[in-house]
Colleague: 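So that we are looking at the same thing, I have put the structure below in structure tokens.
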Amino acid sequence: MTTPRTVLVTGGNRGIGRAIAEELVAQGHRVAVTARSGQGPEGTMTVVADVTDSASVDAAFTAVEAELGPVEVVVANAGITKDGLLMRMTEEDFTSVVDTNLGGAFRVVKRASKGMLKARFGRIVLVSSVVGLYGGPGQVNYASSKAALVGFARSLTREVGARGITANVVAPGFIETDMTAVLPDEQQAEYRRTIPAQRFGTAGEVAKTIAWLSSDDAAYISGAVIPVDGGLGMGH
Ligand SMILES: NC(=O)c1ccc[n+]([C@@H]2O[C@H](COP(=O)([O-])OP(=O)(O)OC[C@H]3O[C@@H](n4cnc5c(N)ncnc54)[C@H](OP(=O)(O)O)[C@@H]3O)[C@@H](O)[C@H]2O)c1
């Protein structure tokens, strides 16, 4: 059993974020999710927020704090891809992905850190990707945004590590969600061949890792990059 915490997961209406919210509810936490549309899973509080807009992030936190108390665990999960080869990538394709994946994490974690510093407790988990350190053709924008989360978590660890706050990165490999369902079958088969586990992961497998990082047992782990990728990134 771990201490029940107030948790906020961004992008908790579907995919990996939804599985994270489900797992944290199952482990007895008070869980809120942000969604631009739809709802979080049963047992969660849903707040509307767009992570590219700091006023909407602020309003979401204020609503959660009023209902569930100060946010003690934050999972910056919301993310997008806009793949394309560099020569054809528009500036908008680049900036919008970086602004959502990296800028979004900045806005959410900055807002969460206020209450965490006051409480002298916090768990910050940034959802990156194996692609951040491994690279991916057509993913200069996405890989840059995800690699940057490592520097983010490590700098933050140095800033707030003495205040009972941890900041870690989880780097999923290929996980069965809407994001990977759009890849052509041939490409999916090719990826499967390169993964030592020879399969895609499930959102539940990522969720279990994040729940553990949020638990009392992970108090001395910070600035780490934890892969959940079937061995694809070989520990990176
Ligand atoms: N699937 C994979 O193989 C994989 C691998 C490595 C890393 N990841 C990372 O894991 C995270 C979740 O991915 P997923 O596969 O679950 O993706 P997904 O099924 O496409 O879901 C993405 C989630 O992010 C939300 N979101 C996107 N832009 C947002 C914004 N501006 N403001 C608020 N919410 C926003 C979406 O909300 P809406 O429903 O409103 O669009 C949705 O809830 C992402 O950061 C992704 O990069 C995924």
Side-chain angles (χ1 to χ4, degrees), residues 8-23 31-41 44 46-61 74-83 92-93 95-109 111 125-136 138-139 141-150 152-153 169-183 187-188 191-192 194-195 197 199-207 209-210 225-230 232-233 236:
L8 180 70
V9 182
T10 64
N13 53 321
R14 61 195 173 95
I16 294 173
R18 188 178 182 91
I20 296 167
E22 277 167 356
E23 182 61 33
V31 182
V33 307
T34 74
R36 289 184 302 183
S37 59
Q39 293 284 318
T44 63
T46 301
V47 284
V48 176
D50 185 326
V51 298
T52 63
D53 173 0
S54 42
S56 108
V57 168
D58 182 46
F61 269 85
V74 71
V75 184
N77 162 79
I80 57 168
T81 51
K82 282 191 188 172
D83 295 356
E92 203 277 331
D93 289 342
T95 54
S96 61
V97 168
V98 172
D99 192 40
T100 303
N101 299 358
L102 176 60
F106 167 76
R107 291 178 194 95
V108 166
V109 172
R111 179 60 177 80
V125 182
L126 309 179
V127 180
S128 175
S129 167
V130 66
V131 165
L133 297 176
Y134 196 78
Q139 296 199 300
N141 50 359
Y142 182 75
S144 304
S145 71
K146 293 299 187 181
L149 294 175
V150 177
F152 186 131
V169 168
V170 169
F174 291 95
I175 308 297
E176 289 164 355
T177 68
D178 295 347
M179 197 175 264
T180 46
V182 297
L183 298 170
Q187 204 176 345
Q188 290 196 31
Y191 285 148
R192 263 187 205 98
T194 61
I195 301 166
R199 66 170 177 91
F200 283 7
T202 65
E205 288 173 315
V206 179
T209 305
I210 291 179
V225 181
I226 316 269
V228 186
D229 63 3
L232 180 60
H236 297 291

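Remember, it's a predicted structure, so these values are computed and weren't measured experimentally. Order of appearance sets the numbers: ligands from 1, and atoms from 1 within every ligand.
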Colleague: Using a strict cut-off of under 4.0 Å between a residue heavy atom and any atom of ligand 1, list the qualifying protein residues by chain and number.
Modeller: G11, N13, R14, G15, I16, R36, S37, A49, D50, V51, T52, N77, A78, G79, I80, T100, V127, S128, S129, Y142, K146, P172, G173, F174, I175, T177, D178, M179, T180
Colleague: Say you draw a straight line from CG of D99 to CG of N141; how long is it, rounded to the nearest 0.5 Å?
Modeller: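 Output value for this atom pair is 12.5 Å.
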Colleague: The criterion is side-chain hydrogen bond (donor to acceptor under 3.5 Å, both in side chains); which residues satisfy it with S96, sequence neighbours excluded?
Modeller: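 S96: side-chain hydrogen bond (donor to acceptor under 3.5 Å, both in side chains) contacts with K82.
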Colleague: Do side-chain atoms of T34 reach the backbone of V47 as a donor and acceptor pair under 3.5 angstrom?
Modeller: no
Colleague: Which residues pass the side-chain hydrogen bond (donor to acceptor under 3.5 Å, both in side chains) test with N101, not counting sequence neighbours?
Modeller: S145
Colleague: I need the minimum non-hydrogen distance between S37 and N13, along with the two atoms involved.
Modeller: O-ND2, 3.0 Å
Colleague: Let me check something: any side-chain donor-acceptor pairs from residues 48-55 under 3.5 Å, sequence neighbours excluded? List them with distances.
Modeller:
unit_1 : atom_1 : unit_2 : atom_2 : d
D50    : OD1    : T52    : N      : 2.9
D50    : OD1    : T52    : OG1    : 2.7
D53    : OD1    : A55    : N      : 3.0
D53    : OD1    : S56    : N      : 3.4

